[in-house]
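The block underneath contains the structure these notes are about, expressed in structure tokens.
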Amino acid sequence: MFRSRRDGRLRDTGREAALRLSPADLGTSLGERATLVQFSTSLCATCPGTRRLLAGVAAESPGVRLVEIDAEARLDLVRRVEVMRTPTVLVLDRAGRVVRRASGAPSRADVTSALALATAH
């Protein structure tokens with residue numbers, strides 16, 4: 001029951017402010033205003049729906065980029081970011097700092113709210 005209340009919620013854990021991802025980490029450039037990062041695996045049942053949700057939000061938000069990372073292929077980054085399950089979604093500001101994260105599929109409202117916070121930095 002505890003997990004279901006937290007599942008997919010974009011939250012600030014305090015420690016995230018120190019975590020920064022670079023274009024080299026992501027394999028592509030950061031968004032001009034913010035970047036949505038999704039860690040996925042091939043067997044993840046909720047990853048395709050999360051990808052569609054994030055792609056839709058990114059398409060509606062100028063300067064926001066979506067980056068999907070195959071967790072199985074990037075174990076180095078998975079360990080560094082402490083991904084425990086997929087999907088895991090990170091919201092980065094324009095400098096690559098993690099401002100919010102979710103383990104599980106986030107809601108559209110949570111993603112939009114997190115993007116507002118990321119673009120305010």
Side-chain angles (χ1 to χ4, degrees):
M1 182 183 282
F2 177 72
R3 180 174 163 167
S4 64
R5 282 185 275 165
R6 290 183 22 194
D7 194 37
R9 294 250 169 129
L10 283 160
R11 65 192 190 292
D12 178 14
T13 62
R15 175 185 143 335
E16 301 305 329
L19 182 58
R20 182 179 289 210
L21 298 179
S22 69
D25 293 323
L26 301 176
T28 188
S29 61
L30 296 167
E32 290 177 27
R33 296 179 56 226
T35 304
L36 300 171
V37 179
Q38 178 181 340
F39 287 87
S40 302
T41 56
S42 60
L43 298 177
C44 173
T46 56
C47 288
T50 300
R51 180 184 316 112
R52 285 189 297 275
L53 169 78
L54 296 177
V57 171
E60 297 166 359
S61 308
V64 175
R65 175 173 290 222
L66 170 60
V67 177
E68 186 171 9
I69 296 175
D70 179 357
E72 297 164 317
R74 293 294 313 275
L75 291 177
D76 59 323
L77 192 56
V78 164
R79 288 182 186 109
R80 188 171 134 220
V81 178
E82 298 178 1
V83 172
M84 299 297 177
R85 62 183 283 217
T86 57
T88 289
V89 176
L90 305 178
V91 179
L92 313 180
D93 66 10
R94 73 173 147 230
R97 287 184 300 262
V98 177
V99 295
R100 290 284 189 265
R101 80 179 287 146
S103 292
S107 70
R108 178 177 280 279
D110 279 348
V111 173
T112 303
S113 170
L115 278 176
L117 178 67
T119 56
H121 281 121

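Note that the structure is predicted; figures quoted are calculated from it, not measured. Reckoned from all heavy atoms, side chains included, excluding hydrogens, waters and symmetry mates.
- Under the 3.5 Å distance criterion, the side-chain polar atoms of Gln38 are matched with a main-chain donor or acceptor of Cys47.
- Here the side chains of Phe39 and Val89 are not in contact, with every heavy-atom distance at 4.5 Å or above.
- A 6.0 Å sphere centred on CD of Glu32 holds no more than 12 heavy atoms belonging to other residues, nucleotides or ligands.
- Residues Arg108 and Val57 are in side-chain contact: their nearest non-hydrogen atoms beyond the backbone lie under 4.5 Å apart.
- Each of Val67, Val98, Leu36, Ile69 was evaluated against Leu90; a single residue qualifies, Val98, per the side chain to side chain contact (heavy atoms under 4.5 Å, CB included) test.
- The side-chain heavy atoms of Ser103 and Met84, taken from C-beta on, include no pair separated by under 4.5 Å.
- A salt bridge does not link Glu82 with Arg101: none of the charged nitrogens is closer than 4.0 Å to a carboxylate oxygen.
- Residue Val91 forms a side chain to side chain contact (heavy atoms under 4.5 Å, CB included) with just one option from Val99, Val64, Thr35, and that option is Val99.
- Summarising the geometry, atom CG belonging to Leu30 is positioned 11.0 Å from atom CZ belonging to Arg97; distances are rounded to the nearest 0.5 Å.
- Considering only heavy atoms from C-beta on, Asp70 stays 4.5 Å or farther from Ser40 through its side chain.
- Checking side-chain atoms of Thr88 against main-chain N and O of Arg85 turns up a donor-acceptor pair under 3.5 Å.
- Looking at Leu115 and Ser113, their side chains never come closer than 4.5 Å, going by heavy atoms from C-beta outward.
- Side-chain contact between Pro106 and Thr50 is present, with heavy atoms from C-beta onward closer than 4.5 Å.
- For Asp76 and Arg74, the salt-bridge test passes: some basic side-chain N is under 4.0 Å from an acidic carboxylate O.
- Here the closest heavy-atom approach between residue Pro87 and residue Ala105 is recorded as CG-N, 4.0 Å.
- The closest donor-acceptor contact from the side chain of Arg65 to the backbone of Ala58 lies at 3.5 Å or more, if one exists at all.
- Under 4.0 Å is where a charged nitrogen must lie from a carboxylate oxygen, and between Arg20 and Asp25 no such pair does.
- Here the side chains of Arg80 and Leu21 are in contact, with some heavy-atom distance below 4.5 Å.
- If you check the side chains of Thr86 and Thr41, you find a donor sitting under 3.5 Å from an acceptor.
- Between Thr119 and Ala34, the closest heavy-atom pair is CG2-CB, 4.1 Å.
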